[in-house]
Every structure is written in structure tokens, then in C-alpha cells.
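Below: one structure, written as C-alpha cells.
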Amino acid sequence: LGITKCEMFKEPQTKQQFYVCSPLHLVQDGTFVLTGALIMLATSLALRPLWPGKKLRTVGLLLLFFGGIEEVVSGFSALNLKSFLHSLSGGLAIAALNIGLLLLGFAAVRKQRGLGWFAILWGLIGMIGFVMSGKPPYAGLGYGGWERVAGFAFPLWGIMMGAYWLMRLRRPSTQTR
């Protein structure tokens, strides 16, 4: 958690109160800032030149870049100090990243089916988590569990895509001229 004090805390979404002590809050908030910056960097330098498509790709990439900005804002807005800004920017980041991922998937599905469907799958997982985190009684996983499904879908997709692209770079070309 990125909460800066050890104290009773009322979760804004569920209205439940918990005693929270997060001595590593700077690590959590710093992770949000770093992740957002890396999303913006990856969107600009890696995804744009490597991803197929035109209009959907452009809108998807813009949403990913916006999601990165919002992740940075969320990291600079600790939940117990700036609850509204943290919740707003975190929600916008999660929605933008997962919708952007869906759009990238739809942009790629005709030319690179596997790549497209993989992005669609992870975008859907994230959007299901996003919707379920806003639907009391938060069936099955609870509010925090669904929030993590929503928030972790994009980073997990990114890690797997990075590993995939690194393996492709290391593999010698099978085509001969």
C-alpha cells in the first residue's frame, strides 16, 4: 500500500475501515511513478514502431501513454493524503491501459492474429477486473482482489511481450537469401 502513516484508514470505494501500516509506502508510490514513466517510454520507443495497424493502433497508443501519465500522478498522490486524486488517476490509468490494450489487439488481429488475440485477452481480463472492482459486493475476490486483476493485467502483458520480443531478437533468422 502507498499509505504514508500507520493509522485507521477508511477505504474510499468500500467505506470499510482498516488499520494500515505501510512502512514501504515510498517503494509502492515510487513503483507507480517508475511504471508510468516506463509505459510512456515503451509506448513511444517500442510499441509504436513494432505494432501493426493505423487508426486503432494510434488511439490505443495514445491511451497507453495517457495511462502512463495517470500512473505517475497516482504515485505522487498517496491514498491517505490525496484520496480523490489518487483514486481518480489510478482509475483513469487502469481504464486507459486496458482499453488501449484492447484497441491494440483489434488493430493487430488481422495481420498478426496471435499478437492481436493475446492483447485482446489481457485487455479483457483487465476490464473484467475494472468492472468487478466497481460492483459491490465484489464477488469472489473482494474489492482489492478485483482491483489487482484490473491493475496487473497490463504489466503482466507487458512483461510477457517484452520476453517474447527479446527471444525473437536473440533467435537467428531462419530465412536465407
Side-chain angles (χ1 to χ4, degrees), residues 2 13 28 30-75 86-136 138-177:
Q13 180 79 14
Q28 177 69 42
T31 300
F32 289 150
V33 172
L34 180 61
T35 301
L38 289 173
I39 289 168
M40 290 184 285
L41 188 66
T43 300
S44 301
L45 299 179
L47 285 176
R48 188 173 53 83
L50 292 173
W51 205 267
K54 291 186 181 178
K55 290 180 184 177
L56 285 177
R57 179 191 78 151
T58 300
V59 175
L61 290 173
L62 286 172
L63 282 170
L64 295 186
F65 196 87
F66 175 74
I69 292 170
E70 291 304 316
E71 186 122 359
V72 170
V73 172
S74 181
H86 179 86
S87 297
L88 176 65
S89 60
L92 287 172
I94 289 170
L97 292 170
N98 289 313
I99 293 169
L101 199 49
L102 284 170
L103 292 178
L104 287 180
F106 290 125
V109 81
R110 285 187 183 163
K111 291 185 178 179
Q112 295 184 20
R113 290 181 72 80
L115 189 69
W117 283 112
F118 193 67
I120 290 168
L121 171 68
W122 282 97
L124 283 174
I125 290 169
M127 287 309 296
I128 289 167
F130 185 73
V131 168
M132 293 301 290
S133 71
K135 295 278 187 191
Y138 315 108
L141 298 178
Y143 172 72
W146 286 116
E147 185 181 38
R148 277 146 188 83
V149 169
F152 292 166
F154 180 82
L156 288 172
W157 171 85
I159 290 166
M160 288 183 271
M161 288 305 303
Y164 168 75
W165 278 323
L166 284 173
M167 286 188 329
R168 287 191 64 193
L169 285 174
R170 295 184 72 193
R171 197 177 324 151
S173 177
T174 57
Q175 294 179 337
T176 56
R177 291 184 181 236

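Values reported hereafter were calculated over all heavy atoms of this structure, with side chains retained and with hydrogens, waters and symmetry mates removed. This structure is a prediction, so every number in the text was calculated from the model and none was measured. We're numbering straight along the sequence, starting at 1.
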Under 3.5 Å: donor-acceptor pair, side chain of Arg148, backbone of Gly144: yes
Interatomic distance, Glu71 atom CD to Leu92 atom CG [nearest 0.5 angstrom]: 12.0 Å
Pairs of donor and acceptor atoms involving the side chains of residues 112-129, under 3.5 Å and at least two apart or interchain, shall be tabulated with distances.
none

Between CG on residue Asn98 and CZ on residue Phe130, distance to nearest 0.5 Å: 8.5 Å
Separation between CH2 of Trp51 and CG of Leu61, rounded to the nearest 0.5 Å: 9.0 Å
Euclidean distance, Leu63 CG relative to Ile99 CD1, rounded to 0.5 Å: 6.5 Å
Which atom of Ala139 lies closest to which atom of Trp146, heavy atoms considered: O-NE1, 2.6 Å
Shortest non-hydrogen contact from Gly75 toward Phe32: CA-CB, 3.6 Å
Nearest heavy atoms of Ala93 and Gly67, plus distance in Å: CB-O, 3.5 Å
Minimum heavy-atom distance Arg48-Arg57, with the two atoms named: O-NH1, 2.6 Å
Distance (rounded to the nearest 0.5 Å) between Leu97 CG and Leu102 CG: 11.5 Å
Pro49 versus Ser44, closest heavy-atom pair with distance: CD-O, 4.2 Å
Distance in Å, Trp165 CH2 paired with Leu47 CG, rounded so as to fall on 0.5 Å steps: 5.0 Å
Heavy-atom closest pair, residues Tyr138 and Ser133: CE2-O, 3.1 Å
